[in-house]
Enquirer: 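I'd like to ask some things about the structure below.
Naming: A, B, ... by sequence-line order, numbering from 1 per chain.
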Protein chains: 2
Amino acid sequence: MTAPERSLRADARRNREAVLDAAARLFAQRGDAVQMDEIAERAGVGVGTLYRHFADKRALLAAIIGRRFEAMTALARTADEARDPWVAFETLLYGYLESAEGDAAFRFAVLGAEEPRWQDIAAEKTDLSAIIERIVGRAVEAGRLRADFRAGDFVLIARGAMANMTGADDWRRHVTLVLQGIRGPER
Amino acid sequence: MTAPERSLRADARRNREAVLDAAARLFAQRGDAVQMDEIAERAGVGVGTLYRHFADKRALLAAIIGRRFEAMTALARTADEARDPWVAFETLLYGYLESAEGDAAFRFAVLGAEEPRWQDIAAEKTDLSAIIERIVGRAVEAGRLRADFRAGDFVLIARGAMANMTGADDWRRHVTLVLQGIRGPER
DNA sequence: TCGGAACCGGAGTTCAGGTTCCGAATAAGG
DNA sequence: CCTTATTCGGAACCTGAACTCCGGTTCCGA
């Protein structure tokens, strides 16, 4: 999908880059609701050019989302470098969510119900989930997360927070509640 | 929208009911992805009939969603009758979510980002939010919920759980985590 | 039983947005 | 420079789904 770097005429490579750029910005802004014509215009290119580089809208979206998952993987790797397991966990969680906050396409990919799941596609190309597992494992090990907390639970929580990304930053409140618990002192 | 009960010819009333029924079932199943033709067929009626009773798809959806919010209000009222504030709270939460589990249209209404928000529309017609406020207030009063817990937080949590309704019942795990907290014993 | 107002049905229209096509434009080797 | 394979651009096309239209049918009061 992201395709041949070599043997592309100069203008072709330039245009491909412009398309990728414009698409990234627009998808991030409005998810998959943006239309091909708009992306082409924003990239200063005709729709035909879009279709020379990407088979269809889905392929373009896939390329953009793939990139995001890679960035997310890098972010996770960085978080994992923190000594303190809890710091690593929090860094991962907030990094993940803050990225999602600025990227509707990413949220779309994570929250969407369509088959095949974007998440699963990405999982095959990056080792994001392995890193998440390690970070979660460390936090559990250190007793900072309940003993039965699993990597899958991280995803549940991330999804929950993303569902609350609607303009205001309600999602931070949501995360606060989850991290601190909602119970009162009375038991 | 739900319109004149009186002065409708017998067949008209019958058809309207059939449409409402079919639409409720289909929307619950697949959200707003169902198409008008399908609803008409399922109701044993022509599309023309759909449009005589409802101005457009949105109006039909609104009628169905309105109904759901009313049912939800009844449910909340029942929950509020429980003596124990915590029981009331849990009854509300699980009742709300279990209903949502079986109704994609309701989830669509609560999670959707479109303006105007379905939630807000419903809020004007029912006193659901007032009841939620009372139940939350009681639980806080009794010390079962953290002192700063607000009715808005209930919505955040409900949304979070709904975002995890994807076939499996991950959402129950999500709620468990939120209710019990995710921290380990190590403080 | 009859007249006509109200209603029905579903083929056809409209519209939006993704995708294709092909003559024009351009890069890059000789 | 010239040649030609490659790429560009964007009008035209296609598809799917919401919605309209109107001849035929049904209800219901007199």
Enquirer: Using only side-chain N and O atoms of A/Asn15, determine if any of them is under 4.0 Å from OP1 or OP2 of D/dT7.
Expert: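 No, because none of the side-chain N or O atoms of A/Asn15 sits under 4.0 Å from OP1 or OP2 of D/dT7.
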
Enquirer: Above 12 or not: heavy atoms from other molecules or residues under 6.0 Å from CD of B/Glu41?
Expert: no

Enquirer: Could you see if A/Val155 belongs to whatever hydrophobic cluster contains A/Leu128? Use Ile, Leu, Val, Met, Phe, Trp, Tyr and a side-chain cutoff under 4.5 Å.
Expert: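 No, A/Val155 does not connect to A/Leu128 through the hydrophobic network.
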
Enquirer: What is the distance, to the nearest angstrom, from the CZ atom on A/Arg13 to the C1' atom on D/dT6?
Expert: 14 Å

Enquirer: Using a 4.0 Å heavy-atom cut-off to protein, can you give one letter per nucleotide of nucleotides 19-30 of chain C, 5' to 3': B if the base is in contact, S if only the sugar-phosphate is, - if neither?
Expert: BBB----BSS--

Enquirer: Between B/Phe106 and B/Phe27, is the ring centroid distance below 6.0 Å?
Expert: no

Enquirer: Rounded to the Å, how far apart are B/Gln35 CD and C/dT14 P?
Expert: 21 Å

Enquirer: When you measure from the centre of the six-membered ring of B/Trp171, is the NZ or CZ of B/Arg159 closer than 6.0 Å and no more than 45° off the axis?
Expert: no

Enquirer: Which base, if any, makes a Watson-Crick or G-U wobble pair with D/dG16, both distances under 3.5 Å?
Expert: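 C/dC15 - that is the nucleotide pairing with D/dG16, both distances being under 3.5 Å.
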
Enquirer: Figure out the CZ/P separation between B/Arg16 and C/dA6, and round it to whole Å.
Expert: 17 Å

Enquirer: Given C/dC7, is OP1 or OP2 found less than 4.0 Å from the side-chain N or O atoms of B/His53?
Expert: no

Enquirer: Write down the distance between CZ (A/Phe54) and P (C/dG18), rounded to a whole number of angstrom.
Expert: 16 Å

Enquirer: Is it the case that more than 12 heavy atoms not belonging to A/Arg172 sit under 6.0 Å from its CZ atom?
Expert: yes

Enquirer: Any chain of hydrophobic side-chain contacts (each under 4.5 Å) joining A/Leu156 to A/Phe154?
Expert: no

Enquirer: Given atom CD of B/Glu41 and atom P of D/dA18, what is their separation to the nearest angstrom?
Expert: 14 Å

Enquirer: Is a donor on one side and an acceptor on the other found under 3.5 Å between the side chain of A/Arg42 and the backbone of A/Ala23?
Expert: no

Enquirer: Is there a Watson-Crick or G-U wobble partner for D/dG29 with both distances under 3.5 Å, and which nucleotide is it?
Expert: C/dC2

Enquirer: Could you state the CG-C1' distance from B/Leu60 to D/dA17, rounded to the nearest angstrom?
Expert: 15 Å

Enquirer: Start at the 5' end of DNA chain D and walk down; is the nucleotide closest to B/Asp32 or to A/Thr49 reached first?
Expert: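 Nearer the 5' end of the strand: A/Thr49.
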
